[in-house]
Amino acid sequence: MHNPFVPETFEGWSLLHLMYRVRWDRLRGLAAGDLQRMADETVAAVAVPDGATAFVQMLGHKADLMVICFRRSFEELGQAQLSLSRSALHDCLEPTTSYVSIVELGQYDMTAKLHEQLGAKFKPGSDEFEAAFDAELKVQEQRVGSRLFIELPQWRYVCFYPMNKLRGETVNWYSESYERRLQMMREHGMIGRSYHGKVQQIISGSIGYDDWEWGVDLFAPEPLVFKKLIYEMRFDEASARFAEFGPFYTGLQFSPGQLGAYLSGQLPSLVDA
Amino acid sequence: MHNPFVPETFEGWSLLHLMYRVRWDRLRGLAAGDLQRMADETVAAVAVPDGATAFVQMLGHKADLMVICFRRSFEELGQAQLSLSRSALHDCLEPTTSYVSIVELGQYDMTAKLHEQLGAKFKPGSDEFEAAFDAELKVQEQRVGSRLFIELPQWRYVCFYPMNKLRGETVNWYSESYERRLQMMREHGMIGRSYHGKVQQIISGSIGYDDWEWGVDLFAPEPLVFKKLIYEMRFDEASARFAEFGPFYTGLQFSPGQLGAYLSGQLPSLVDA
Amino acid sequence: MHNPFVPETFEGWSLLHLMYRVRWDRLRGLAAGDLQRMADETVAAVAVPDGATAFVQMLGHKADLMVICFRRSFEELGQAQLSLSRSALHDCLEPTTSYVSIVELGQYDMTAKLHEQLGAKFKPGSDEFEAAFDAELKVQEQRVGSRLFIELPQWRYVCFYPMNKLRGETVNWYSESYERRLQMMREHGMIGRSYHGKVQQIISGSIGYDDWEWGVDLFAPEPLVFKKLIYEMRFDEASARFAEFGPFYTGLQFSPGQLGAYLSGQLPSLVDA
Amino acid sequence: MHNPFVPETFEGWSLLHLMYRVRWDRLRGLAAGDLQRMADETVAAVAVPDGATAFVQMLGHKADLMVICFRRSFEELGQAQLSLSRSALHDCLEPTTSYVSIVELGQYDMTAKLHEQLGAKFKPGSDEFEAAFDAELKVQEQRVGSRLFIELPQWRYVCFYPMNKLRGETVNWYSESYERRLQMMREHGMIGRSYHGKVQQIISGSIGYDDWEWGVDLFAPEPLVFKKLIYEMRFDEASARFAEFGPFYTGLQFSPGQLGAYLSGQLPSLVDA
Amino acid sequence: MHNPFVPETFEGWSLLHLMYRVRWDRLRGLAAGDLQRMADETVAAVAVPDGATAFVQMLGHKADLMVICFRRSFEELGQAQLSLSRSALHDCLEPTTSYVSIVELGQYDMTAKLHEQLGAKFKPGSDEFEAAFDAELKVQEQRVGSRLFIELPQWRYVCFYPMNKLRGETVNWYSESYERRLQMMREHGMIGRSYHGKVQQIISGSIGYDDWEWGVDLFAPEPLVFKKLIYEMRFDEASARFAEFGPFYTGLQFSPGQLGAYLSGQLPSLVDA
């Protein structure tokens, strides 16, 4: 039953962010050829015909390496994690953190419109209402399909962080009216749109899967835009009063073919030579 | 003495969730036959005539493997943990977290009715009242016995999380009147019932046993329903204002007979071949 | 000087809870005889003529083994910890947590009465007042001496948790009047008394010694009573509004003579065969 | 588009704070010559023509050694971290924490003036307005260029801590008006200026890069000034009500040429002999 | 410039609390003579002509051993930590926590008096005012010099904890008027004075150096007084509403000459035989 207080969502890729600290001491003795072979095996282990796998060199102690798996299902996420764990390189990796989520497009605007339009034609909650609602959702979902199964952005810098909507004792997103939430999401979206072309954002939902409600991945050709964008958003009401942020992770995306170079100590590039 | 402010509860299985990170580096050198033998020994170590043991491949760094023990008593939980610890596979496992609880059916509705009905017949707190209350509880408990000692759901996806009812300085579940709490639990239950057939829920109580008040296990044939269900519930008052959530764990249940396959790097299935 | 806002307390055993994860991999190769010898040495190392040492098999990952030392002084606690650390078994133990406290009987009722009675006879704070107060305290302390130096309860199940009285910005136990606190402690105590004979409680004070204000040990012949008791108490005002709970630990007490059996993988019993 | 609620910022060095615990046990056996060679290799690995690398001996268990990289880009930060990780000394270092940020000069005053001045000439948000704003920003940025790419202060004592502006339920920096924030930042700045010549401060922004909003580095010739300065600031409104502080790190800066001496157990000095 | 809202402080010893868990397994094989030699070397490594070094056997898992260094400067603290790290015993120690601070005497009363007296003679903030203030401070500082560079108390029991003054959204020490803070500090001090002769207290300031604002060391000939003192203080307003406490650490001070005995498993005493 479609609940008028709850925005509809569309879902795409299943996402698994895996972060590792590299055990450089275990790699120390190995020849360049061995490192390359281990890298090749690992890259092959997570290659998929449908989906993508991003490799990111991280800054700071939280992780050296982040692998982001874009897959069609949790089955395939399970396979990806298991294949990584069984690859030889894994003995030189120490898992430090991870994130499980599904690409999600929240539909605050559309949900309100559908309840209004269909509520004018049918009794809300009636079979007719529900069937018309479902049919309309399917149409809309197809319209945004390419954003649900987005191609991996080929931009160098990556920013990842999880977040919640605050449920404080007096400031509680989930106790606000649909109208207020819709209004705040619109304002929030407008700031996002003013950064169009400078940064690409992938929102994923993780309620039921991981410790925060959403994960946010940002990709950009230069890292300053992350700070500018998130700082500006911090002043809009949806963020200022209702956003609770988890840890932030920053890194440099590189081509899977560059993993061996990275392990050998060469800064890996986004494009293979 | 039956306290009219406190909902009665019925209890079933003693539950022990044990989560482990697999030390893949220690497994690396072992032949498939050895892995199978270790897996078989472990599965045998936790096999029980009365009860069940679920195996779950987890997503993310929090754990690779979750073992859920359903037992008749804490004695048997102690035996299960000890047997696992003494099995050879345990040298390749690193305990990361766990949860101790007892399957619980809260009886908000029934408790209110019994106090009302029996309070009309007997002086509350009198021996007659207490005896009649106890007798009626026994009848009711038998009625729900199969839900207390539920069979392990044979569904692929598992979601586990612990939770509290909030005791904030101004928003405090335990300071709300019985009537308000009953009303909120009813609303909460209605959303749950609308997901009937799509997800199976096992609530267990852990006050006095572990760090949160309740544990929640969800089982489903596809994982999207976890997100949809928990997101929708987040807007009902019992959750929006009064639920405090712990970490969320997600995984794929597999047949105990598949443990060897999993250790060898094959995605284990819910049904043996 | 006796402060009329501060309840007097009587103190008994010095307590040290030591929790360890067993390094089962290090025990793996050892013969049963060796395990027994290590167990015997450890038990002998903490045997005392005056006091007691409880051994508890814990459920979950927080600890495998808890050792509770009841001693006459912190000197003897220091000796117990050092003896354990120097025993051979300790190489197979990894300390995970601990708690330092002193058995404490809070005297909310008696303190109020003494201030009232002696304040009617002497000028509060005068030498006569203080001397009479001290004399009366000594009499009362002797009356409860056996509860201060209680014998180790011979019950199978153990629950341990630390707790604080809340000092929030608006809900603050230490800003409440003595009368209100006294009233709440009475209500709290009445629930406790209704569980008399089903559970034995040992409260210890840890202000100045450890991270929470009090430690609570519960012993019972079956574990369900822990959940029932603590859940019912959660609705009384002293707990609902003012209690802040730390982690909960649950386990099965066993006879020191059974330590070798436990290390060998046999569920240890409370009574030696 | 220039948002009148958001202060403009100018950015300089990309900063990476890397903290390590030294594995003294692994260094134990090594001869002084070997230690010197490892130190030299590490210093060479992070030497740069444009930028700087500070070495700091830390006090306490959080880290023994802090390396602060001042670089032109995140690319160069990535190269610095990777070079350190691949140096032989790294096998004797254990990363404990880190911080990723960019030197930032917030422009509360200037932003207000530009909106006022240009808003009097052009329609806010118009192309003319935006172009004039951008042009003026470029002029201003050049004026402060030397503070953005500041030289590494040659003072012995270092204090580093991250901080946020509070977003509480009732006290929320991001919900305050621009005027109130500007006023508080002025008061805050005046205290800072009264310590001119005694302490040198480097503020860096980390929104989008790390877990706090800003990092603060203080350098001084004697450590008491850190306590005096931060204590006095704690009473100004911007700090008293709105500052949330992370962990504090303290240490003694030394010349890179002294790293070998440090590893050998000699207190390293800021100036080479 | 002397700020009338900020109490002046006098500073003495630089303090470094270092806590270690002993790796008893690494000590196991060593002969008593070797242990004694390692102990002697460690004690010699931190011996100083001006200052002191306390050794404390800790209770519980947080640390086995605490070393408190009283030194004239942070340089000397750096030297002490480095010497400990380079001593052979350090391979059998695992740093668990630490605290960096400077002995501090807050001057709430005196600061108020100086502002009043000198403000009556000179224009506050004028050069005459500041010079007279500085001169008077120097006189006062010399008067309390022996408390700033206090001798290490020769009492058996040690209690250490860090603390903050609360900066909550409604209860905020730093937003209270000077008069209110002065009044609360007086009340707080009176309780402290009533324990004179029973416990010796050393307050150190750590703003800018470590994660809390102050560290508190208590020394006493018996440990019960810690609990009594801190519990009574918890009811005064400065503590009840404004104190935020960190972890508490408890232990038994022993003579440096007893370190070898301790490592061998003998309870070390405060006085050498």
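Only heavy atoms go into these numbers, but all of them, side chains included; no hydrogens, no water, no symmetry mates. In what follows, chains are A, B, ... by sequence order, proteins preceding strands, each numbered from 1.
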Segment of [X] engaging chain E (4.5 angstrom heavy-atom cut-off):
X      : result
C:S101 : neither
C:L16  : side chain
C:S83  : neither

Out of [options], which one racks up the most heavy-atom pairs below 4.5 Å with chain C?
options                : answer
E:D236, E:L218, E:T250 : E:T250
E:R21, E:R23, E:E244   : E:R21
E:S239, E:G246, E:A243 : E:A243
E:Y249, E:F160, E:F245 : E:F245

Compare all side-chain heavy atoms of [X] with those of [Y] and state whether any distance is below 4.5 angstrom.
X      : Y      : answer
E:K62  : C:D210 : yes
C:E169 : E:E169 : yes
C:P7   : E:Y231 : yes
C:R167 : E:L166 : no
E:R234 : C:E213 : yes
C:E11  : E:K227 : yes
E:W24  : C:L93  : no
C:L18  : E:H61  : no

Should the heavy atoms of other residues, nucleotides or ligands under 6.0 Å from [atom1] of [X] be counted, would the total exceed 12?
X      : atom1 : answer
E:Y195 : OH    : yes
C:Q142 : CD    : no
C:D127 : CG    : no
E:R147 : CZ    : no

Stepwise side chain to side chain contact (heavy atoms under 4.5 Å, CB included) test for E:F235 and C:N3: CA-CA 10 Å; E:F235 290 94; C:N3 184 330; 5.9 Å; no

What part of [X] gets closer than 4.5 Å to chain C, counting heavy atoms only: side chain, backbone, both or neither?
X      : answer
E:T170 : both
E:E232 : both
E:Q266 : backbone
E:L267 : both
E:Y161 : neither
E:L224 : both
E:R156 : side chain

Could you check whether any side-chain N or O of [X] sits under 3.5 Å from a backbone N or O of [Y], counting only pairs where one atom can act as donor and the other as acceptor?
X      : Y      : value
C:R86  : E:R28  : no
C:N172 : E:A240 : yes
C:D211 : E:P247 : no

Straight-line distance of E:R241 CZ to C:Y174 OH, nearest 0.5 Å: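 Answer for the CZ-OH pair, E:R241 versus C:Y174, is 16.0 Å.
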
Nearest-0.5 Å distance, CG of residue E:L252 to CZ of residue C:F74: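 Nearest 0.5 Å value for the CG-CZ distance: 8.5 Å.
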
Trace of the side chain to side chain contact (heavy atoms under 4.5 Å, CB included) decision for C:Y209 with E:F248: CA-CA 6 Å; C:Y209 308 135; E:F248 280 77; over 6 Å; no

Intermediate values then yes/no, side-chain hydrogen bond (donor to acceptor under 3.5 Å, both in side chains), E:Y157 and C:E75: CA-CA 9 Å; E:Y157 296 95; C:E75 292 280 329; 3.1 Å; yes

Closest contact, heavy atoms only, E:I230 versus C:G208: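 The answer is CD1-CA, 3.6 Å.
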
Sidechain N-carboxylate O distance under 4.0 Å for C:R26, E:D25: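 Judged by the 4.0 Å cut-off on N to carboxylate O distance, C:R26 and E:D25 do form a salt bridge.
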
Donor-acceptor pair between C:T9 and E:K228 side chains, under 3.5 angstrom: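 A donor-acceptor contact under 3.5 Å links the two side chains.
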
